[in-house]
Amino acid sequence: MASSLCSSFHCLLVLTAGTTTRGMALVVLVLCVVVVSKPPAVAGDSGDLTAGFTKVDLPEGNFVVQSPYDVPENQRYTYDVATGVRTFWVYADDKPFNTVTPTNPRTEVRLTGHDYSSGVWQFEGYGYVPSGTSGASVMQIHNEDGGAGATTLMLHVYNGTLRHYSGAVVEDGVYDRWFRLNVVHDVGASTVAVFVDGVPRLVDVTVKPTALHYFKFGVYVQHHDVSARVESRWRNVTVYTKLY
């Protein structure tokens with residue numbers, strides 16, 4: 001009985017001796033200590049990046065899809081409620097998302113209801129880019145219309161590499177795997193930081209201050225190394241804030 005009970009515990013045997021009327025008796029005390037094991041950490045994970053932040057309420061109505069104006073939305077975007085996966089795709093020769101803008105084709109979510117102009121804001125989500133997608137932005141911090149610059153941050157995918165715009169490498173080998181993306185924007189300090197799977201990839205990158213910002217994710221065709229079809233998938237997208 002003792003051995004079966006202790007098979008899932010760390011056990012300590014304590015031997016004590018006592019005198020009885022029949023002589024010396026050996027009493028065996030079995031002390032079993034429950035050991036609660038900590039789940040293994042993700043390789044390279046730098047801890048809880050959202051500690052100290054407040055989670056922002058994001059009802060489904062805040063996920064506004066922008067897709068080519070001349071085709072039904074469900075031909076460029078799907079949302080699987082059962083799995084929580086949002087799938088975005090667009091073709092290089094698609095139309096813009098409205099008849100006014102001359103911008104490149106896109107299928108993106110524009111997170112509404114939480115445009116911000118101060119504090120520290122954080123985007124967190126799990127992204128997936130299928131092999132073959134190239135020349136597309138998959139996440140961005142957009143600025144107010146008519147601002148000095150259209151974006152504070154864009155993350156592009158080129159031939160399996162995630163880049164800061166078309167420049168610095170953020171993460172190699174992003175094809176065909178889920179990766180956790182955290183983007184932190186400190187408005188007061190005019191800096192952004194990017195983490196992939198908890199590992200800092202861009203830290204304290206100086207950005208130009210503008211009046212207003214909001215998050216976008218999906219696919220937005222860029223200007224070089226563009227594949228005929230671009231796609232990204234996202235799940236568990238969350239926004240956090242820390243005001244000061």
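The structure displayed is predicted, hence computed values, not measured ones. Heads up: numbering here begins at 1 and tracks the sequence.
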Mind listing the closest non-hydrogen atom pair of Asp204 and Ala193 along with its distance? N-CB, 4.2 Å
Please examine the side chains of Trp89 and Thr78, heavy atoms only from C-beta on, and report whether any two atoms are closer than 4.5 Å. yes
Would you name the heavy atoms of Gln122 and Leu49 that are closest together and state the gap between them? NE2-O, 3.1 Å
What residues form a side chain to side chain contact (heavy atoms under 4.5 Å, CB included) with Val239, not counting sequence neighbours? Val56, Leu58, Leu111, Trp121, Phe215
Does Met139 form a side-chain contact (heavy atoms from CB on, under 4.5 Å) with Val183? I'd like the steps, not just the answer. CA-CA 9 Å; Met139 186 271 168; Val183 175; 3.9 Å; yes
Do the side chains of Tyr220 and Val100 join up, straight or via other hydrophobic residues, at under 4.5 Å, putting them in one cluster? no
Within a strict 4.5 Å, meaning less than it, do heavy atoms of the Val157 and Tyr175 side chains meet? yes
Any side-chain heavy-atom pair of Val138 and Leu162 under 4.5 Å: yes
Before accepting this row, confirm whether a basic side-chain N of the pair Arg110/Glu108 lies closer than 4.0 Å to the acidic partner's carboxylate O. no
Any side-chain heavy atom of Val221 sitting closer than 4.5 Å to one from Val219? no
State, with a plain yes or no, whether a side-chain heavy atom of Arg106 is found less than 4.5 Å away from one of Phe88. no
To the nearest 0.5 Å, what is the distance between CG (Asn182) and CZ (Phe53)? 9.5 Å
Single-linkage hydrophobic cluster, 4.5 Å side-chain cutoff, Phe195 and Val170 together: no
Hydrophobic side-chain clustering at under 4.5 Å (ILVMFWY, transitive links): who's grouped with Tyr128? Put none if nobody. Val85, Tyr126, Trp178
Spacing of OG1 belonging to Thr210 relative to CD belonging to Glu144, to within rounding of 0.5 Å: 4.5 Å
Side chain to side chain contact (heavy atoms under 4.5 Å, CB included) partners for Pro209, two or more places apart: Ser190
Rounded to the nearest 0.5 Å, how far apart are OH of Tyr79 and CD of Glu60? 5.0 Å
So, taking the atom named OG1 in Thr241 and the one named NE2 in His114, what distance separates them when rounded to the nearest 0.5 Å? 9.5 Å
Determine whether Leu202 and Val192 make a side-chain contact, defined as any pair of heavy atoms from C-beta on separated by less than 4.5 Å. no
Phe217 and Val196: same hydrophobic cluster, using ILVMFWY side-chain contacts below 4.5 Å? yes
side-chain contact (heavy atoms from CB on, under 4.5 Å) evaluation trace for Phe179 with Glu171: CA-CA 10 Å; Phe179 58 90; Glu171 180 81 355; over 6 Å; no
Any donor-acceptor pair under 3.5 Å linking the side-chain atoms of Trp234 with those of Ser232? yes
Going from OG on Ser131 to CD on Glu231, what distance comes out if it is rounded to the nearest 0.5 angstrom? 10.0 Å
Do you reckon Val203 sits in the same ILVMFWY cluster as Val205, going by side-chain contacts under 4.5 Å, direct or chained? no
Applying salt bridge (Lys or Arg N to Asp or Glu O under 4.0 Å) as the test, list every pair that has at least one member in residues 124-143; sequence neighbours left out. Glu124-Arg180
Thr191 side chain to Asp186 side chain, donor-acceptor N/O pair below 3.5 angstrom: no
Do Leu181 and Phe123 make a side-chain contact, defined as non-hydrogen atoms from C-beta onward lying under 4.5 Å apart? yes
Heavy-atom closest pair (Asp172 atom, Thr161 atom, distance to 0.1 Å) is OD1-OG1, 3.1 Å
Working for salt bridge (charged side-chain N to carboxylate O under 4.0 Å, His left out), residues Asp225 and Arg163: CA-CA 13 Å; Asp225 296 321; Arg163 293 183 178 273; over 6 Å; no
Donor-acceptor pair, Asn104 side chain versus Gln222 backbone, under 3.5 Å? yes
Taking it one step at a time, do Thr83 and Arg235 satisfy side-chain contact (heavy atoms from CB on, under 4.5 Å)? CA-CA 8 Å; Thr83 63; Arg235 59 180 173 83; over 6 Å; no
Is there a side-chain contact (heavy atoms from CB on, under 4.5 Å) between Val237 and Arg86 once you walk through the steps? CA-CA 10 Å; Val237 169; Arg86 303 173 191 273; 5.7 Å; no
Distance check, rounded to the nearest 0.5 Å: Leu153 atom CG versus Leu155 atom CG? 4.5 Å
What one should report as the nearest heavy-atom pair of Val226 and Gly135 is CG2-O, 3.8 Å
Tabulate below the donor-acceptor pairs under 3.5 Å that side-chain atoms of residues 63-75 make, not counting sequence neighbours, or state none.
residue : atom : partner : partner atom : Å
Gln66   : OE1  : Lys216  : NZ           : 2.6

Considering all heavy atoms, the nearest Ile141-His185 contact: CD1-CB, 3.9 Å
Of all heavy-atom pairs between Tyr158 and Ser134, which one has the smallest distance, and what is that distance? CA-OG, 3.6 Å
Are any non-hydrogen side-chain atoms of Pro130 and Arg233 less than 4.5 angstrom apart? yes
Are Tyr116 and His213 close enough that a side-chain donor and a side-chain acceptor fall under 3.5 Å? no
Using side chain to side chain contact (heavy atoms under 4.5 Å, CB included) as the criterion, list what pairs up with Pro59, not counting sequence neighbours. Asp57, Asn62
